[in-house]
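Data first, discussion second: the structure below is written as C-alpha cells.
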Amino acid sequence: MGSSHVAFFAISMILVSSIAMATDHVVGDDKGWTVDFNYTQWTQDKVFHVGDNLVFNYDNAKHNVFKVSGASFKDCTLPPANEALSTGKDIIPLTTEGRKWYLCGKADHCIARQMKFVINVEAQAAPAPSSAAYSVLSSVFGVTVIIMSLITTIFA
C-alpha cells in the first residue's frame, strides 16, 4: 500500500510541474527584430523569468543579434563578429536572473536606429494556473486518482 502512495505522489508531481512552462517572448511581436521599432516600449509590459526564451525573427541579410554588456549596450560597441547570432530565427534561453542587453550589429542599426533593448530577468515564478489550465489539471488529476484507486484496489 505504501508504494502505491509513492507512485500516486510521483505522478501528481509530474502533472503539476508540467503546468510550469516557459514563455516564448517574440521580440517585437509581429514586427520582429527590425529597425525603427520601439523596443523599450515593447519590454515595458512584459515580465521575463528564468526559463523563458527570447525569440528573434528577422531577415538575416539585414540584421543580427548580439548579447552584450551594459557598457557595450550604452555605446553600441560590438563584440567580435563571430559572437553574432545570425540565423534569422534565434532563440535565446534566459537561464540566469539579472539585466540582459541585446543589440543589432549591422550598419548603424544600434546607434542611429535604436535597434537594441534591455530586460530584467526575474527568478522562475510559480505559475498561477489559468482557468483553462486549472480545468485541464483538474481533469487529468481526477483521472489519475481514479486510475490509482483502481490499481490499489486490484493489487491490494
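Between Phe56 and Trp33, the ring-plane angle classifies as perpendicular under the 30° and 60° cut-offs. Aromatic ring pairs are classed by plane angle as parallel below 30°, tilted from 30° to 60° and perpendicular above 60°; the pair Trp42 and Phe117 is perpendicular.
One finds the OG1 atom of Thr43 at 15.0 Å from the NZ atom of Lys100 (value rounded to the nearest 0.5 Å).
Hydrophobic cluster of Ile91: the remaining members, joined at side-chain heavy-atom separations below 4.5 Å, are Val26, Val55, listed by chain and number.
Annotation: disulfide (SG to SG under 2.5 Å) contacts involving residues 22-85, sequence neighbours excluded, comprise Cys76-Cys110.
Side-chain contact check for Tyr102 versus Ile92: some heavy-atom pair is nearer than 4.5 Å. Using a 4.5 Å heavy-atom cutoff, the side chains of Leu94 and Thr96 are not in contact. Residues Asn38 and Gln114 fail the side-chain proximity criterion, which asks for heavy atoms closer than 4.5 Å. In this structure, the side chains of Ile119 and Leu54 come closer than 4.5 Å at one or more pairs of heavy atoms. Counting heavy atoms from C-beta outward, Met115 and Tyr58 have side chains that stay 4.5 Å or more apart. Residues His49 and Thr23 are not in side-chain contact: their nearest non-hydrogen atoms beyond the backbone lie 4.5 Å or more apart. Two residues are said to be in side-chain contact when any heavy atoms from C-beta on lie closer than 4.5 Å; Lys62 and Lys106 fail this criterion. Between Val65 and Cys104, the closest side-chain pair of non-hydrogen atoms is not below 4.5 Å.
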Would Asn64 and Leu85 count as a side chain to side chain contact (heavy atoms under 4.5 Å, CB included) here? Give the steps. CA-CA 6 Å; Asn64 61 18; Leu85 301 175; over 6 Å; no
Are Leu103 and Leu78 close enough, and set up right, to give a side chain to side chain contact (heavy atoms under 4.5 Å, CB included), and what steps lead you there? CA-CA 9 Å; Leu103 56 82; Leu78 300 179; 3.3 Å; yes
With side chain to side chain contact (heavy atoms under 4.5 Å, CB included) as the test, would you mind laying out the steps for Val118 and Arg99 before giving the verdict? CA-CA 7 Å; Val118 59; Arg99 292 180 70 76; 3.6 Å; yes
Distance-only criterion, 3.5 Å: show the donor-acceptor pairs between side-chain atoms of residues 66-74 and protein atoms not counting sequence neighbours.
unit_1	atom_1	unit_2	atom_2	d
Ser69	OG	Ser72	N	3.2
Ser69	OG	Ser72	OG	3.2

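Remark: Asp36 pairs with Arg113 by the salt bridge (Lys or Arg N to Asp or Glu O under 4.0 Å) rule, at least two apart or across chains. With sequence neighbours excluded, the residues that form a side chain to side chain donor-acceptor pair (under 3.5 Å) with Asn57 are Lys89. In this structure, Trp101 has no side chain to side chain donor-acceptor pair (under 3.5 Å) partners at least two apart in sequence or on a different chain.
The minimum heavy-atom distance linking Asn53 with Ala22 is given by the pair ND2-CB, 4.5 Å. Summarising the geometry of Tyr39 relative to Val27, their closest heavy-atom pair is CE2-CG1, 3.7 Å, with the distance given to 0.1 Å.
For the side-chain hydrogen bond (donor to acceptor under 3.5 Å, both in side chains) with Asp52, the lone residue among Lys46, Gln124, His25 that qualifies is His25.
A donor-acceptor pair is defined here as one N or O able to donate and one able to accept, closer than 3.5 Å; no such pair exists between the side chain of Asp75 and the backbone of Thr77.
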